[in-house]
Every structure is written in C-alpha cells, then in structure tokens.
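Residue indices begin at 1 and follow the sequence shown.
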Amino acid sequence: MIRRSLAGRLLWWMLPLVMLAVALPLLLLRWLDNAWLAGGLSGVVVIALGAWRLRTALAPVNALFRTLAGSVNAYRDGEYNFGVRWSGSTEDELGQLVRVHAELGDVLRQQRQSLVQRELLLDTMIHNTPVSMLLTAAGGDGQSRVVFSNLAARKLLNSGWKIEGQRLEELLIRAPPVLRETLARGGDSLFSIDSESADASDEEEVYHLARRKFLLNGRCHELLLLRRLTSELRREEMRAWKKVIRVISHELNNSLAPAASLAHSGAELVRRGRYERLEEIFVTIEERARHLERFLGGYARFAKLPQPQLQLVDWTAFLTGLQRHVSFVSQLPEGGFTSSVDPAQLEQALLNLLKNAHESGSPAAEVMLRITTLPQGYRIDVLDRGQGMSEPVLQNSLVPFYSTKRHGTGLGLALTREIIEAHGGRISLVNRDGGGLCVMLQMPDC
C-alpha cells in the first residue's frame, strides 16, 4: 500500500541510499585510519548519489506538472483539445490528478461546444429576423458608431452592406428624412415611410421604433429595434372592419326590428279603426330613426372625408378660437405664424388630440400645443403628461375602430390621421421622457 502514494514511492527509491549511508562509512573506516575522513567521504558520495537518484525519480513528475501547466494555459486561451497521458498508476495522487484534469477538459469541451451551438442559433435567428436591429456605442470622438447590425438593418440603411464601425449620423444621411427625425427625437415612436417598391399596394410603410440603453463592458450602448407594422396593421384593420360591420349590423337590427314591429302594429290599429295609439307609435319610430341617423352619421363622416378646402389661417386667432372648446397652453414661433389649411377639418383633428390629452390623466396645465417651423414645412406637437401608451396600444393606435376606452368608437386618431394625410402631412406618436405622450403632425408648406 505504501507504493500507492507519492511519499511512499520516494521513500522506496531512497531506501538503498539509506542503507548505503550506513554501510559505506564502516567500509571506508577499515581502509582509512581517520574516522572523520571516512565519514566525510561517505557523506559526499551519499549526497551525490541521492541528488542523482531524486532527480531521476522526479523527472516524470516534473514532466507531468509541465504538461498540466501547458494544458491549463491552453484552456485559458480557449483551446480544449489538449489531453494529458500518464503511464503510471491511476490509483495514486498523480493518477487521480490526471484523471480529474481529463474530466475537467471533457466538461469544458462539452460546454464550449454547447455554447458555440447556442451562439450559432442565436446569430442565425438575429440575422434572419425581419426586425431591424442596430447596436450603437459612443466612440472615442463622442459620435455613435455601429457595433452590431443584422441583415434587415443593413438593407434598410446601407443596401445590405455591412455597417459595423461606421458612424450612425453618416448612415442616416442616406436614410429617409422621417427616420432621421424620429431617431433625433429619442424614445419609442410610431412613424411611416413612403414605400419605394414599384408594385407596392400601399403608399407607405408603417414602422415602430423601440430603443433601450444599457451598460456593456463599462460603456453605454443603445439598442435600436425597427419593426415594420404594415402587414400587422392590415390584419388589424381587417379585424376592425369586421368588428364595425358586426356593430353596425347589431345597431341596425336594434333599430329596424322594433320599427318594423311598431309599423305592423300601427297598420293593425288603422285596420281596426283605433287611432289613439298611433301618435305614440310614430314618436317611437322617429326616435329609433333619429338614433340610427346619428349612429351612421359618425361613421359616414369618417368614410366620406371631403378634400381639404385650403385657406390662409392666422394661427394665433385660430388657436384662440380653439381654446373656447378645450383648454391648453399654446406656443407659437416668434412673430406669429400663418399657413394654408382647411380650418374646419384641422379644428376637428386638433380637438380630438387635445381631448385625448385631457382624458389621459394629464394635469390641464401640462396639455400643450406647440408649433415649430421646419425647412420644408412645420410641425404641430400636442403634448401631455398623462400615462402615455403601452407598446401594444402605441402600435395599434392609428387603426380605425381600435379603442381602449369602454365606450370609445376608435375613430378619433384614425380620423385625425386621415385629415393630416389629406393635407399631405404625417402623424407620429412617441412616449415622452418623464411620462406622457407627444403626437407630432408634420405638415408641408402649401
């Protein structure tokens, strides 16, 4: 059992030297008369033989330790194909060390292989997702540079070519202007871009921008996600139209069925010559008809929006008149501002937005309408400090008949969008930093 330990093996190797150290002085003493000289000579011989014997015995152990150190360095550098072979016993400490080291190498190889497979799967999913993903970080010059981009982002910003390492501002020069303005505003938002496809059935593509900042390796990074919502909006519009057809059918049935029943009852009373209840019947039929007229009129105004009749409007006077209907704080460019719009339609659109701002839970003093001049037009911002919009609501807010209100028709924002686009403008929604919503109406010079 003693040979199974390293100390036992060393003792076994040194046992002949111990015996020699005892016998050699006695032999030399018989040849030499001086005991000190005999002891000194025997000591020199024993030490020299012991050093040689120890070096010879430890040579395989030293080689093993050097091999283990080399394999650990290989593991540190990410190379896990390095193995260690040991010809000695597997039962002693060295054999156990080699076995445990081999097991560690197997575990590291399996983990590395699994990690590589997961990275490959994740990389494939990211590059093939239709969502444009862009990771940026501030460079040494303080400018945002692209750290990572997937295929969708490369197609959107650089015709499919790689953009890693490039400055974001330089890439946005070739991007649509509305995308540059949306990114400059910050925060999540919903916007639309004119379609460049020749066979596109729609005139524009609707996108949702989500952006998140985080620290990575001590540096601030920002992740930009651009998701095209055009197909989703089409499906939502189809669902909304089906819903409105069901609502209209239900309302028509609730009004026409009682009217038909009352008309039949009235005819029976006339046939019998009983006219005392006819007035009550006619009043009830008229009430149902008026209700149906009002109900259908609201949908008809949305479906048959006339072309804008443009007039030169002084916005100072226009907003003063608007404040008679709803309270808000106005902010105009210095010296006043005028533009050509349809006053009636734009008043309806702004009233919808301002009422939504008050219904969002915002303090009345925080509801603001701001006009800013642009190089090729102007922008109307309706701002509040309410609850803002969640991601699903923000994505579906412009879909006709989509509403989160219990008694809402879902026509307010949809009608506003129709009016603004009829003027040649665009509408975008973005949650504000610190809470609240900003609805931006970008209007052209007319």
Rounded distance (nearest 0.5 Å) linking atom [atom1] of [X] with atom [atom2] of [Y]:
| X | Y | atom1 | atom2 | result |
| --- | --- | --- | --- | --- |
| Glu268 | Ile281 | CD | CD1 | 10.5 Å |
| His221 | Ser144 | NE2 | OG | 10.5 Å |
| Leu429 | Arg417 | CG | CZ | 10.5 Å |
| His127 | Leu122 | NE2 | CG | 9.5 Å |
| Arg212 | Leu223 | CZ | CG | 9.0 Å |
| Glu205 | Arg228 | CD | CZ | 4.5 Å |

Report yes if the side chains of [X] and [Y] come closer than 4.5 Å at any heavy-atom pair, otherwise no.
| X | Y | value |
| --- | --- | --- |
| Leu353 | Leu441 | yes |
| Phe318 | Val341 | no |
| Glu181 | Met440 | no |
| Ser360 | Gln387 | no |
| Leu346 | Ile420 | yes |
| Val382 | Asn356 | no |

Indicate yes or no for a side-chain donor-acceptor contact from [X] to the backbone of [Y] under 3.5 Å, with no hydrogens or angles considered.
| X | Y | answer |
| --- | --- | --- |
| Thr129 | Met125 | no |
| Arg174 | Asn158 | no |
| Asp342 | Gln309 | yes |
| Asp384 | Leu437 | yes |
| Gln323 | Phe328 | yes |
| Thr320 | Thr316 | yes |
| Arg432 | Cys438 | no |
| Asn431 | Met389 | yes |
| Ser114 | Gln111 | no |

Considering all heavy atoms, the nearest [X]-[Y] contact:
| X | Y | answer |
| --- | --- | --- |
| Val367 | Ser327 | CG1-O, 4.3 Å |
| Leu157 | Ala175 | CD2-CB, 4.1 Å |
| Pro130 | Ala152 | O-CB, 3.8 Å |
| Met133 | Asn150 | N-OD1, 3.0 Å |
| Arg211 | Leu183 | NH1-O, 2.9 Å |
| Ala138 | Arg219 | O-NH2, 2.8 Å |

Query raised in the report: Would Tyr207 and Leu156 satisfy side-chain contact (heavy atoms from CB on, under 4.5 Å), going step by step from the backbone distance to the final call?
Result: CA-CA 12 Å; Tyr207 286 85; Leu156 181 64; 4.2 Å; yes

Query raised in the report: Can you say whether the rings of Trp315 and Tyr378 are parallel (under 30°), tilted (30 to 60°) or perpendicular (over 60°)?
Result: perpendicular

Query raised in the report: Would you find more than 12 non-hydrogen atoms of other residues, nucleotides or ligands less than 6.0 Å from Gln376 atom CD?
Result: no

Query raised in the report: Under 6.0 Å from the CG atom of Asp433, do we count more than 12 heavy atoms belonging to anything else shown?
Result: no

**Report entry** Under-4.0 Å salt bridge between Glu359 and Lys355
**Finding:**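 Salt bridge: no.
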
Query raised in the report: When you check the gap from the basic side-chain N to the acidic O, do Glu164 and Arg154 get nearer than 4.0 Å?
Result: yes

Report task. Please report the C-alpha distance between Thr372 and Gln331 in whole Å, then the side-chain angles of each, then the deciding distance to 0.1 Å, and finally whether the side-chain contact (heavy atoms from CB on, under 4.5 Å) criterion is met. Result -> CA-CA 9 Å; Thr372 307; Gln331 183 177 338; over 6 Å; no

Query raised in the report: Should Arg379 and Asp381 be marked as a side-chain contact (heavy atoms from CB on, under 4.5 Å) after you check the CA-CA gap, both sets of side-chain angles, and the distance that decides it?
Result: CA-CA 6 Å; Arg379 193 178 74 208; Asp381 295 337; 3.0 Å; yes

Query raised in the report: When you look at Ser340 and Val313, which way does the side-chain contact (heavy atoms from CB on, under 4.5 Å) test go after all the steps?
Result: CA-CA 6 Å; Ser340 295; Val313 170; over 6 Å; no

